Q: 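What follows is a structure written as structure tokens; I'll ask about it next.
All of these numbers come straight from a predicted model, not from anything done at the bench. Reminder, nothing fancy here: chain letters follow the sequence lines and each chain counts from 1.
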Number of protein chains: 2
Amino acid sequence: MTIHLSQSESQAQKPCNHDYQANCGNCRLNSICLPLALESDDVQQLDDIIQRSKPLQKNQHLYREGDEFQSVFAVRSGTLKAYKTTDDGREQVTGFYFPGEILGMDGISNNTHASSAKALETAAICEIPFTSLEKLSALMPNLQRHFFQLMSHEITEDQQLITLLSKNSADERVAALMLSISTRNARRKLSPTQFRLPMSRVDIGNYLGLTVETVSRVFSRMQKLELLRVDNKEIEILDPQGLRKMANLGN
Amino acid sequence: MTIHLSQSESQAQKPCNHDYQANCGNCRLNSICLPLALESDDVQQLDDIIQRSKPLQKNQHLYREGDEFQSVFAVRSGTLKAYKTTDDGREQVTGFYFPGEILGMDGISNNTHASSAKALETAAICEIPFTSLEKLSALMPNLQRHFFQLMSHEITEDQQLITLLSKNSADERVAALMLSISTRNARRKLSPTQFRLPMSRVDIGNYLGLTVETVSRVFSRMQKLELLRVDNKEIEILDPQGLRKMANLGN
DNA sequence: CGCAGCGTTGATTAGTTTCAAAAGGAGTGG
DNA sequence: CCACTCCTTTTGAAACTAATCAACGCTGCG
């Protein structure tokens with residue numbers, strides 16, 4: 001986690017580690033995060049309600065299924081996974097969250113978190129108390145709109161995952177995930193072709209509805225086809241076009 | 001569609017068919033629909049922005065993937081399915097919508113509908129123009145809150161479907177769908193044990209990530225186990241407890 | 001150094017899809 | 001009202017994908 005991490009995540013981590021009292025105005029991610037929709041005056045008001053606490057360590061929970069819902073969260077650095085535990089004790093990963101992305105919105109419906117969220121590596125988080133966000137939304141149409149859009153986006157993402165699980169083969173699912181991570185990296189101005197997977201093979205399997213063994217075999221197959229180079233968690237996409245073809249998604 | 005329909009859907013349809021200008025105040029569904037969260041003064045204001053047009057005929061579209069997003073919709077009577085068409089032309093059903101339920105929220109994120117919605121039988125719809133809803137939400141905290149909750153609920157529903165597709169067998173998936181329909185019927189004060197499926201086997205398969213043949217086989221198996229009686233689209237749940245056990249979901 | 005956790009690979013098995021065919025229902029027109 | 005067609009549903013047999021079971025390699029840590 002030390003040497004490798006510094007290769008692909010250093011840009012995201014450094015500014016945050018020595019700047020706990022960062023604010024939305026100077027945050028490197030403000031062009032892709034909540035402030036995206038706001039004028040600078042309004043950003044200041046948003047900033048006032050946001051709470052920043054010390055970073056989460058690897059494997060620490062941000063919240064657990066069943067916890068009372070009070071806030072949504074923005075990832076400042078690091079990666080989290082959201083997951084539900086099924087009645088027979090198995091785990092369903094419902095999403096991975098990278099810097100600039102918002103999680104916790106599934107808790108609004110019942111005032112109770114519907115899933116758990118756990119840090120896959122050290123992660124800095126911005127906490128946004130929901131009642132404050134509601135009040136601010138009522139005053140700032142752009143913020144209200146943007147938050148509706150964020151939730152709607154979560155719905156369309158989930159629907160894409162539904163389609164993936166329902167219609168696509170193991171190869172297609174893994175390829176699609178690699179492409180999704182690549183795209184999200186690009187959004188953060190990181191390399192779309194070289195990155196370190198923050199999650200384990202088990203997590204990938206639990207997200208894509210596959211077993212670890214199958215995930216591993218798919219990676220081997222992809223290497224044999226020279227679509228990508230896999231060195232444990234380090235990924236290099238060699239043939240983006242070929243990978244898109246394997247994913248069979250048209251994007 | 002004529003004789004059978006009158007058995008299970010007559011209560012839902014009659015009041016609507018001869019009352020196009022129904023309003024939220026007198027709607028039979030107001031205790032489970034959008035007005036749920038509102039005082040009667042506020043219901044009147046909501047009512048003023050809602051548009052009711054003539055019912056959709058079977059197979060008519062309410063909106064199509066790619067259409068400009070302008071409104072969300074409440075089902076007054078009948079049933080709709082929402083679906084996406086994959087790049088290779090196959091269909092992924094993302095949800096079925098019964099009276100009192102809201103659809104179209106996946107269009108907010110891009111100002112474009114991310115899925116299509118089609119009537120599975122004659123359906124009366126309330127259209128809620130989104131910009132009006134936004135304005136009203138900013139004035140009525142309860143409405144804003146409720147709409148956030150509705151979207152959040154859609155997210156948790158999608159996550160349940162994700163888990164179902166990822167972790168559960170064909171038997172479990174079909175059982176879970178039957179129980180879901182049963183529960184939603186109960187919410188509308190209809191029989192939880194006897195109902196008519198508004199969707200085809202193909203639709204069920206496309207929703208649950210199974211082929212028609214598999215769906216049909218599961219129904220046969222369920223009949224053999226005397227969990228339910230199937231007569232084409234007419235379903236009678238004979239053993240709710242056994243069905244819950246087969247669904248393996250703890251609910 | 002030895003152990004624990006994670007990842008890879010191989011052989012076998014099981015569940016679902018695919019292919020094929022036929023039965024059942026609904027609608028149409030004579 | 002019946003014959004015809006089209007579409008949906010059901011059932012059977014074969015093929016295939018991914019899961020399961022099992023073993024081993026690699027890495028990091030006490």
Q: How close or far is atom P of dT10(D) from atom CG of L210(B), stated in whole angstroms?
A: 14 Å
Q: For G205(A), report the nucleic acid contact type (base, sugar-phosphate, nothing); a contact means any heavy atom under 4.0 Å.
A: nothing
Q: Any idea which heavy atoms bring V212(A) and R201(A) closest together, and the distance?
A: CG1-CB, 3.6 Å
Q: May I have the distance from M199(B) (atom CE) to dC7(D) (atom C1'), rounded to whole angstrom?
A: 19 Å
Q: Return the value, rounded to whole Å, for the distance between atom CD of E213(B) and atom P of dA20(C).
A: 12 Å
Q: Which comes earlier along DNA chain C counting from the 5' end, the contact point of R217(A) or that of K233(A), where each point is its nearest nucleotide?
A: K233(A)
Q: Tell me what S200(B) touches on the nucleic acid: a base, only sugar-phosphate, or nothing, going by heavy atoms under 4.0 Å.
A: sugar-phosphate
Q: If the threshold is 4.0 Å, N to carboxylate O, is there a salt bridge linking E121(A) and R196(A)?
A: no
Q: Looking only at the side chain of S169(B) (C-beta and beyond, no hydrogens), which of the listed nucleotides dT16(C), dA18(D), dT9(D) gets closest?
A: dT16(C)
Q: Using OP1 and OP2 only, check whether a side-chain N or O of T211(A) sits under 4.0 Å from dA19(D).
A: yes
Q: Starting at CG of D231(B) and ending at C1' of dG25(C), how long is that distance when rounded to a whole Å?
A: 11 Å
Q: In whole angstrom, give the distance that lies between atom CG of N232(A) and atom C1' of dG5(C).
A: 12 Å
Q: Does the separation of the ring centres of Y97(A) and F73(A) fall below 6.0 angstrom?
A: no
Q: Using modelled atom types and a 3.5 Å cut-off, is there a donor and acceptor pairing between side-chain atoms of S152(B) and backbone atoms of S109(A)?
A: yes
Q: Please report the distance, rounded to the nearest Å, between CZ in R201(B) and C1' in dT11(D).
A: 14 Å
Q: Find the distance F219(B):CZ to dT16(C):P and express it as a whole number of Å.
A: 15 Å
Q: Using whole Å, report how far NZ of K58(A) lies from P of dG5(C).
A: 13 Å
